[in-house]
Amino acid sequence: KPGRMSSSMIKDLGEHPEDKKPVRVMKGQYGPYIKYKSLNATIPEEKDPTELTMEEALILIEKRKEYDKKEIEMSFDDKITELKIKLPEAKPPVGNYVATKVSGKMLFISGQISIDENGQLIKGKVGKELNTEAGYNAAKRCALSIIAQAKKACADDLSKIKPKTLSLNSTVPSSKT
């Protein structure tokens, strides 16, 4: 795929004891990892990937499976509650456009703005009127507005959005450096 770094093998650990599928230590864009079937398990930074044993790899593979299972079992609403996030009200559009549009199995959400917890518009550019922390908060508030619109479009049922298929993009204007 264009713009994507290819992975290279660091070490072949051999066959998995249960199904004889290969277990490999790979070097990827974000660091070393274990490749087993379609599963990728991150190798901790403190561990030398060239010294990794099959036993250690099997433990990391199991930890990754447990993590994936937990993520699938937890709904978006559960995660929002766990993180103590309060979604803002999904505001109706102000201009001549629609806030959301469903096309097939895709949900499109129009541009959202950053509104603070008190309902006030967050104005300014990072590096000028806003410091980095305020810019981060503006981006977070914008992302929460996107999620609120998605929830409203799904009749308040975020489970209609399939895990690992959600893509959120939020930009905050910044001044020239």
Side-chain angles (χ1 to χ4, degrees), residues 1-5 7 28-34 38-47 60 62-177:
K1 294 181 181 178
R4 197 172 189 187
M5 185 181 128
S7 298
Q29 181 177 0
Y30 303 108
Y33 64 97
I34 297 163
S38 63
L39 183 139
N40 295 332
T42 303
I43 298 172
E45 286 182 21
E46 64 273 4
K47 187 71 184 160
L60 292 172
E62 285 308 310
K63 284 183 180 179
R64 179 58 197 233
K65 286 180 181 178
E66 289 171 18
Y67 172 81
D68 287 348
K69 185 179 177 186
K70 180 183 176 195
E71 288 298 307
I72 289 170
E73 290 173 355
M74 183 175 282
S75 72
F76 288 122
D77 284 316
D78 290 342
K79 192 67 173 181
I80 289 167
T81 301
E82 176 188 294
L83 296 172
K84 296 180 175 73
I85 294 172
K86 184 177 182 291
L87 290 178
E89 177 188 341
K91 302 284 187 193
V94 185
N96 189 18
Y97 63 93
V98 294
T100 60
K101 174 74 176 161
V102 176
S103 178
K105 292 185 176 185
M106 300 285 291
L107 169 63
F108 296 90
I109 301 170
S110 67
Q112 297 294 303
I113 55 178
S114 300
I115 304 290
D116 70 15
E117 293 84 354
N118 300 316
Q120 300 298 311
L121 177 64
I122 300 173
K123 299 178 186 176
K125 292 183 177 184
V126 177
K128 197 171 181 183
E129 296 88 2
L130 302 174
N131 63 23
T132 303
E133 185 178 343
Y136 173 85
N137 187 55
K140 177 181 172 183
R141 295 298 303 172
C142 184
L144 292 175
S145 292
I146 294 169
I147 295 169
Q149 288 291 351
K151 187 171 182 174
K152 182 178 179 183
C154 294
D156 288 335
D157 184 6
L158 286 174
S159 70
K160 292 179 180 178
I161 299 173
K162 301 300 174 222
K164 299 184 182 185
T165 61
L166 181 63
S167 174
L168 292 180
N169 297 302
S170 175
T171 58
V172 178
S174 62
S175 63
K176 294 181 181 179
T177 55

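Atom set for the values below is all heavy atoms of this structure, side chains included, hydrogens, waters and symmetry mates excluded.
Closest approach of Arg64 to Ala41, counting heavy atoms only: CB-CB, 4.0 Å. Here the shortest heavy-atom pairing between Thr100 and Ala153 reads OG1-CB, 3.7 Å. Pro88 approaches Ala148 most closely through the heavy-atom pair O-CB, 3.2 Å. The shortest heavy-atom contact between Gly124 and Leu130 is O-CD1, 3.6 Å. Shown here for Ile161 and Cys154, the closest heavy-atom pair between the two residues is CG1-SG, 4.1 Å.
For the atom pair CG (Asn40) and OG (Ser7), the distance works out to 7.5 Å, reported to the nearest 0.5 Å. Atom CD1 of residue Ile34 and atom CG of residue Leu39 lie 9.0 Å apart, to the nearest 0.5 angstrom. Rounding to the nearest 0.5 Å places CD1 of Ile85 at 6.0 Å from NZ of Lys140. Taken from CD1 in Ile109 to CD1 in Ile146, the straight-line distance is 6.5 Å, to the nearest 0.5 Å. Rounding to the nearest 0.5 Å gives a distance of 10.5 Å between OG of Ser159 and CG of Asp78. Note that NZ of Lys101 is 11.0 Å distant from CG of Leu107, once rounded to the nearest 0.5 Å.
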>> Lys151 vs Leu87, test: side-chain contact (heavy atoms from CB on, under 4.5 Å). Steps then yes/no.
In response: CA-CA 10 Å; Lys151 187 171 182 174; Leu87 290 178; 4.0 Å; yes
>> Determine whether Glu117 and Asn137 satisfy the following criterion, side-chain contact (heavy atoms from CB on, under 4.5 Å), listing intermediate values before the conclusion.
In response: CA-CA 10 Å; Glu117 293 84 354; Asn137 187 55; 4.3 Å; yes
>> Set out, in order, the CA-CA distance, both residues' side-chain angles and the distance that settles side-chain contact (heavy atoms from CB on, under 4.5 Å) for Leu83 and Lys79, then state yes or no.
In response: CA-CA 6 Å; Leu83 296 172; Lys79 192 67 173 181; 4.1 Å; yes
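Contact annotation: the side chain of Cys142 never approaches that of Ile122 to less than 4.5 Å [non-hydrogen atoms, C-beta and beyond].
Sorted pairs that involve residues 122-133 and meet side chain to side chain donor-acceptor pair (under 3.5 Å), not counting sequence neighbours, are lacking altogether.
Checked against side chain to side chain donor-acceptor pair (under 3.5 Å), Asp116 has no partners two or more places apart in sequence or in another chain. Under the salt bridge (Lys or Arg N to Asp or Glu O under 4.0 Å) criterion, Lys63 pairs with no residue at all, not counting sequence neighbours.
The closest donor-acceptor contact from the side chain of Gln149 to the backbone of Lys91 lies under 3.5 Å.
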